[in-house]
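Indexing begins at 1, ligand by ligand and atom by atom, following the structure's order. Sequential numbering from 1 along the given sequence is applied to the chain's residues.
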Amino acid sequence: MRIDVVSIFPEYLEPLNLSLVGKARARGQLDVHLHQLRDWTHDVHHTVDDSPYGGGPGMVMKPEPWGEALDSVLDEGSAALGDPGAVPTLVVPTPSGAPFTQELAQRLADRPWLAFAPARYEGIDRRVIEYAAERMPVEEVSIGDYVLAGGEVAVLVIVEAVARLLPGVLGNAESHRDDSFAPGAMADLLEGPVYTKPAEWRGRTVPEVLLSGNHGLIARWRRGRAFARTLTNRPDLVGRWRPEAMDKHDRKALDELGVTLGEDGRFRPSAVDVEE
Ligand code: 6GU
């Protein structure tokens, strides 16, 4: 996968040299190109922002540097990919975007080329997004319900979530299977607690069942802890659980946690809090 990032703080993206993403780059699985937006300004001050039309606080990123940057990234990338018609999917991180989810991470991981346009200030002149959308798929994405000073950290988040889904990037192909939010049996369930050696630490022991070697029992226990943790930390996910995905052990575990199946066929948490 090729990734281009245009930013006024490319240094903010240095962590892409580390850990999983850094290793994927070193192995040639990920080809990351960082660009300085100011390289496409032509005034002595390398101006990238101006005051908003209509008034209001803050500054807006000017369209001209972004237009030249996108044209240049498009030309350079399509040439490098050896396909004059190739276009990236443009990801625009913004608190006004659609929520970034595991499903979107998977969709982005299926693309051969992503470009990121993280903004500072109050955002980018809208015409840049419209211009881009006429030439390539555009995804405006928010990483959560809070406001960051700029989109660079969101780029780090999105690239890391996408990179670990690329074939061969995680050592073990099974590694995503039990992820919270992975599609399948564990969809919409948070992962439960994990333990490693020693079996006793500061007077605290590891749950017996994990030492039993009984894999069926262990899987059932883990699923029960996942139900409990989801109920505590993300009760909003409970309504997404599918009754047909629950076997008799699941039903019993849910019953004990006070989860009931409503007339509408949806599960709902009990009024009282459960012990995680
Ligand atoms: Cl993608 N950008 C900014 N600036 N703030 C955010 C965000 C993105 N997602 C949540 N808050």
Open item on the list: With rounding to the nearest 0.5 angstrom, report the CG to CD distance, Leu104 to Gln102.
Closed with: 10.0 Å

Pairs of nitrogen or oxygen atoms, one from ligand 1 and one from the protein, closer than 3.5 Å: please tabulate them with distances.
residue, atom, partner, partner atom, Å
ligand 1, 4 (N), Leu148, O, 3.3
ligand 1, 5 (N), Leu148, N, 3.0
ligand 1, 9 (N), Ser142, OG, 3.4
ligand 1, 9 (N), Ile143, N, 3.0
ligand 1, 11 (N), Tyr146, O, 2.5

Only distances under 3.5 Å count here; give the side-chain donor-acceptor pairs of residues 186-210 to other protein atoms, sequence neighbours excluded, each with its distance to 0.1 Å.
residue, atom, partner, partner atom, Å
Asp188, OD1, Arg240, NH1, 2.9

- [ ] Would you kindly check if the NZ (Lys) or CZ (Arg) of Arg225 is within the cone defined by 45 degrees around the ring axis of Phe227 and under 6.0 Å from the six-membered ring centre?
- [x] no

Which pairs would a plain distance check flag for residues 145-159, meaning a side-chain donor or acceptor within less than 3.5 Å of a matching protein atom at least two apart in sequence or in another chain?
residue, atom, partner, partner atom, Å
Tyr146, OH, Ile143, O, 2.9
Glu152, OE1, Arg120, NE, 3.0
Glu152, OE1, Arg120, NH2, 2.9
Glu152, OE2, Ser7, OG, 2.6

Open item on the list: Please check this pair: side chain of Thr41 against backbone of Asp43, looking for a donor-acceptor N/O pair closer than 3.5 Å.
Closed with: no

TODO: Just grab all the salt bridge (charged side-chain N to carboxylate O under 4.0 Å, His left out) pairs involving residues 19-30, residues at least two apart or on different chains.
DONE: none

